[in-house]
Amino acid sequence: MENYHHTYEKLIEITSEKNVMVNEHLNKHTYTRLGGKADYFVTPETYEQVQDIVKFANTEKLPFTLLGNGSNLIVKDGGIRGIVLNLKQLTSIQTDNTTIVAQSGARIIDTSRAALAQSLTGLEFACGIPGSVGGALFMNAGAYGGEIKDVLESTLVVDREGNLLELSAEDLDLDYRTSNIPDNGYIVLEATFSMKRGDYDEIKSIMDDLTFKRESKQPLEYPSCGSVFKRPPGYFAGKLIQDSGLQGKQIGGAQVSKKHAGFIVNIDKSSAEEYIGLIHFVQDTVKEKFGVSLEREVKIIGEDLK
């Protein structure tokens with residue numbers, strides 16, 4: 001108990017009382033509406049606070065987890081021990097000529113809209129991606145033929161020791177839905193995008209078209225983690241799942257979407273255990289029927305319920 005008070009008081013000292021929550025339900029912070037509690041849920045307001053929290057966690061040997069906006073993520077039912085850091089207060093998006101600097105907590109959708117407002121082209125593909133800027137870099141997010149690596153110039157990160165580093169896009173080893181950010185334990189603070197001048201009406205037309213495609217094909221009416229699986233070489237994950245007869249397959253409150261087989265939706269208070277169980281069932285069935293291994297795009301973190 002004494003250690004708990006020490007940790008709480010120190011986190012308040014670094015940021016403020018309103019930015020530190022104890023035993024916070026993480027299902028309030030994930031798109032799937034899944035997940036147990038975080039011991040400490042901290043939402044810093046400045047880069048210096050992020051650095052100080054990382055240094056404090058290191059000194060106290062406290063487990064430390066970065067949680068983005070929870071769009072491409074499943075948190076297990078047992079929750080997450082130690083400090084969960086969320087950068088939802090770092091949401092600034094600034095444009096300067098053909099450059100956009102967006103903080104990691106800003107939505108990548110809003111960044112694409114900021115580009116449109118300045119008639120800048122290059123981020124149209126991101127107009128329907130629900131993640132944060134930090135999350136978009138973390139997994140080199142992409143859609144409709146575009147990806148973050150096409151437009152990223154540089155990024156500001158905090159490393160595992162709490163140091164501030166400026167890295168170029170090349171430093172991140174961006175590839176299909178991957179980067180070296182997780183392996184290096186980087187916390188993205190902001191991203192600088194290099195854009196090109198374009199025609200406002202053309203950019204808007206492309207974004208409107210992509211938004212229509214997304215809204216008409218994806219099951220946005222239910223909580224989900226978005227696209228569950230990476231695209232296997234030579235195949236489409238959704239088509240393989242559909243051809244396996246799995247659309248509508250349900251475990252507890254989790255269901256393979258009837259609208260788009262590449263999505264698993266939480267239709268009735270699913271637990272994370274049920275949701276993950278359905279992912280495994282889909283993987284096993286597709287492997288058995290087609291010999292194709294579906295690799296998860298969604299990240300699973302946290303502990304099982306004890």
Novice: Using distance alone, with no hydrogens and no angle criterion, decide if Ser244 and Lys289 have a side-chain donor and acceptor under 3.5 Å apart.
Specialist: no
Novice: Is there a donor-acceptor contact under 3.5 Å from the side chain of Gln51 to the main chain of Gly162?
Specialist: yes
Novice: Using a strict cut-off of less than 4.0 Å between a Lys/Arg side-chain nitrogen and an Asp/Glu carboxylate oxygen, indicate whether Glu124 and Lys204 qualify as a salt bridge.
Specialist: no
Novice: How about Lys230: does its NZ atom have over 12 heavy atoms from other parts shown lying under 6.0 Å from it?
Specialist: yes
Novice: Give a yes-or-no answer on whether the side chains of Asn19 and Thr15 include a donor-acceptor pair shorter than 3.5 Å.
Specialist: yes
Novice: Taking Ser16 for its side chain and Ile12 for its backbone only, find out whether a donor-acceptor pair lies under 3.5 Å.
Specialist: no
Novice: Answer yes or no: does atom OH of Tyr176 have more than 12 heavy-atom neighbours from other residues, nucleotides or ligands under 6.0 Å?
Specialist: yes
Novice: Using a strict threshold of under 4.0 Å (side-chain N to carboxylate O), is an ion pair present between Glu303 and Arg81?
Specialist: yes
Novice: Verify, without hydrogens or angle tests, whether Arg160 (side chain) and Asn184 (backbone) share a donor-acceptor contact under 3.5 angstrom.
Specialist: yes
Novice: Please report the interatomic distance CD1(Ile80) to CG(Leu67), rounded to the nearest 0.5 Å.
Specialist: 6.0 Å
Novice: Test: side chain to side chain donor-acceptor pair (under 3.5 Å). Region: residues 60-69. Which pairs qualify, not counting sequence neighbours?
Specialist: His6-Glu60, Asn69-Ser71
Novice: Checking salt bridge (charged side-chain N to carboxylate O under 4.0 Å, His left out) for the pair Glu45/Lys88: CA distance, chi angles, key distance, verdict?
Specialist: CA-CA 9 Å; Glu45 298 178 53; Lys88 66 179 183 179; over 6 Å; no
Novice: Looking only at side chains, do Glu273 and Ser271 share a donor and an acceptor under 3.5 Å apart?
Specialist: no
Novice: For Glu190, does its backbone N or O pair with a side-chain atom of Thr155 as donor and acceptor, under 3.5 Å?
Specialist: yes
Novice: For the pair Asp284 (side chain) and Phe281 (backbone), establish whether a donor and an acceptor sit closer than 3.5 Å, ignoring hydrogens and angles.
Specialist: no
Novice: Could you give the side-chain donor-acceptor pairs of residues 97-109 under 3.5 Å, partners two or more places apart or in another chain?
Specialist:
from	atom 1	to	atom 2	distance (Å)
Asn97	OD1	Arg197	NH2	3.4
Gln103	OE1	Thr91	N	3.1
Gln103	OE1	Ser92	N	3.0
Gln103	NE2	Tyr47	OH	3.1
Ser104	OG	Val188	O	2.9
Arg107	NE	Asp110	OD2	3.2
Arg107	NH2	Asp110	OD1	3.1

Novice: Walk me through whether His260 and Phe263 qualify under ring pair (Phe, Tyr, Trp, His ring centres under 6.0 Å).
Specialist: CA-CA 6 Å; His260 189 312; Phe263 286 68; 4.9 Å; yes
